[in-house]
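Comments concern the structure below.
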Amino acid sequence: MNRITRRKFITTASLATGFALAVEPISAQVITTNRQGLVAGTVKIPVKDGTIPAYRALPATGRNFPVVLVIQEIFGVHEHIQDVCRRFAKLGYLAIAPELFVRQGDVSKLSSIDEIRPIVAKVPDAQVLSDLDATVNWAKKSGKGNTNKLAITGFCWGGRITWLYAAHNPNVKAGVAWYGRLVGDSTAVTPKHPVDIASTLKVPVLGLYGGKDTGIPLNTVEQMRDRLKGSSSKSEIIVYPDAPHAFFADYRPSYREKEAKEGWQRLQAWFKQHGA
């Protein structure tokens, strides 16, 4: 960020156009949701130290839509996350995905995961939770969103954040965490992990995991399940035995159509069941 202040950077930052460089080539199975009948595009979310960009999508007519926060993968708010927002909008939600890495850098322009990881590792959980609070506030003030029907879902990095935000904000009605990491070391940047908040969780979260996920050992999933038994949240975890990590990511080779579609149906039922 040569000769540009941090505040100026996050105020002028914008979202990625298309897919992140690190995910190319794009799979032929990629799903594209059109904008017909929707209002969809970039907005600016006021936060403590400026504004951050976000992608939001909602039906073109009406108001008082239930609100769903869509939390990005390690690749940022690129085309896949934007498309997921449009899918929610087609279901009648105001869906919004804030760019949560923007202070640390633009990961969409990096060509490898090895370049991205050091940037994402610098993103403090406290900053993320504060930005999500600001995003909920923006949705409420927009006059279109009903934050009394607030839900959250996230993928990979965002799956972990889904668990943490559900613990942070008891006003969330329901969450769905897709293959989010559950355990880790306690650091200044990441003081707690999902397994640490499981026993006191009050918000119902549905965890969707792959049995062949080499990055999230099944013993950690079982550890999370065990901790959740002590909570009042009625959270659940589903493991798809043959699914790898990122089985919902239709733009990647890891995509598994059967499990992805079933997971999407489970998400919709979970949100409806819990008033979101």
Side-chain angles (χ1 to χ4, degrees), residues 19-27 29 70-78 80-81 84 97 100-101 104-105 107-108 110-125 128 152-167 175-187 189-198 205-228 235-260 262-264 266-267:
F19 291 91
L21 287 180
V23 303
E24 295 180 353
I26 305 305
S27 169
Q29 300 181 95
V70 180
I71 314 302
Q72 65 210 58
E73 310 155 298
I74 196 173
F75 307 110
V77 184
H78 66 127
H80 173 64
I81 298 299
V84 171
L100 299 168
F101 305 158
Q104 283 70 34
V107 297
S108 71
L110 301 177
S111 58
S112 77
I113 293 179
D114 289 340
E115 292 178 291
I116 292 173
R117 283 197 177 109
I119 291 175
V120 177
K122 297 176 183 176
V123 181
D125 287 344
V128 172
I152 184 170
T153 192
F155 307 87
C156 188
W157 182 89
R160 173 180 174 274
I161 294 299
T162 296
W163 289 106
L164 295 182
Y165 192 71
V176 175
W178 301 76
Y179 34 84
R181 186 163 55 94
L182 297 168
V183 303
D185 295 330
S186 178
T187 69
V189 174
T190 58
K192 291 186 178 181
H193 296 278
V195 73
D196 301 315
I197 56 83
V205 177
L206 175 64
L208 300 175
Y209 288 81
K212 293 185 176 178
D213 188 332
T214 58
I216 302 177
L218 283 176
N219 69 304
T220 66
V221 176
E222 292 307 318
Q223 185 180 352
M224 185 69 178
R225 269 194 179 133
D226 188 61
R227 294 282 182 92
L228 286 169
S235 295
E236 298 178 13
I237 292 180
I238 304 294
V239 175
Y240 294 101
D242 298 323
H245 189 72
F247 62 83
F248 188 80
D250 52 74
Y251 63 97
R252 297 170 67 184
S254 58
Y255 178 60
R256 298 295 184 270
E257 183 179 18
K258 179 183 176 182
E259 288 86 346
E262 184 182 327
W264 185 245
R266 284 183 181 274
L267 174 149

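Basis for what follows: all heavy atoms, side chains included, without hydrogens, waters or symmetry-related copies.
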So, for [X] and [Y], which heavy atoms are closest and what is the spacing to 0.1 Å?
{"X": "Val239", "Y": "Gly210", "answer": "CG1-C, 4.2 Å"}
{"X": "His193", "Y": "Ser186", "answer": "NE2-N, 4.5 Å"}
{"X": "Ile113", "Y": "Ala22", "answer": "N-CB, 4.4 Å"}
{"X": "Arg225", "Y": "Ile237", "answer": "NH2-O, 2.8 Å"}
{"X": "Tyr209", "Y": "Ile216", "answer": "CE2-CD1, 4.0 Å"}
{"X": "Ala97", "Y": "Ile81", "answer": "CB-CG2, 3.7 Å"}

*For Asn219, does the CG atom have more than 12 heavy-atom neighbours from other residues, nucleotides or ligands under 6.0 Å away?*
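Above 12, so yes.
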*Full working for side chain to side chain contact (heavy atoms under 4.5 Å, CB included) between Leu206 and Ile238*: CA-CA 8 Å; Leu206 175 64; Ile238 304 294; 3.9 Å; yes
Contact check, side chains of [X] and [Y], non-hydrogen atoms, under 4.5 Å:
{"X": "Leu182", "Y": "Val221", "answer": "yes"}
{"X": "Phe248", "Y": "Val84", "answer": "yes"}
{"X": "Val128", "Y": "Leu164", "answer": "no"}
{"X": "Ile71", "Y": "Trp157", "answer": "yes"}
{"X": "Pro244", "Y": "Glu259", "answer": "no"}
{"X": "Val107", "Y": "Ile74", "answer": "no"}
{"X": "Arg160", "Y": "Pro194", "answer": "yes"}
{"X": "Arg256", "Y": "Lys212", "answer": "no"}

*Examine Phe75 together with His80 and report whether their ring centres are nearer than 6.0 Å.*
no
Once you round to the nearest 0.5 Å, how far does [atom1] of [X] lie from [atom2] of [Y]?
{"X": "Phe101", "Y": "Ile119", "atom1": "CZ", "atom2": "CD1", "value": "9.5 Å"}
{"X": "Thr220", "Y": "Asp213", "atom1": "OG1", "atom2": "CG", "value": "8.5 Å"}
{"X": "Met224", "Y": "Leu218", "atom1": "CE", "atom2": "CG", "value": "14.5 Å"}
{"X": "Ile161", "Y": "Ile152", "atom1": "CD1", "atom2": "CD1", "value": "8.0 Å"}
{"X": "Leu21", "Y": "Ser108", "atom1": "CG", "atom2": "OG", "value": "7.0 Å"}

_Students often mix this up, so state it plainly: with edges at 30° and 60°, are the rings of His78 and Tyr251 parallel, tilted or perpendicular?_
perpendicular
_Geometric class of the Tyr179/Phe155 ring pair [parallel <30°, tilted 30-60°, perpendicular >60°]_ =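 Because their plane-to-plane angle lies in the 30° to 60° range, the rings of Phe155 and Tyr179 count as tilted.
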*Begin with the C-alpha distance, continue with both residues' side-chain angles, and end with the deciding distance and a verdict on side chain to side chain contact (heavy atoms under 4.5 Å, CB included) for Asp125 and Lys192.*
CA-CA 9 Å; Asp125 287 344; Lys192 291 186 178 181; 6.0 Å; no
*asked:* Using a strict threshold of under 4.0 Å (side-chain N to carboxylate O), is an ion pair present between Glu262 and Arg266?
replied: yes
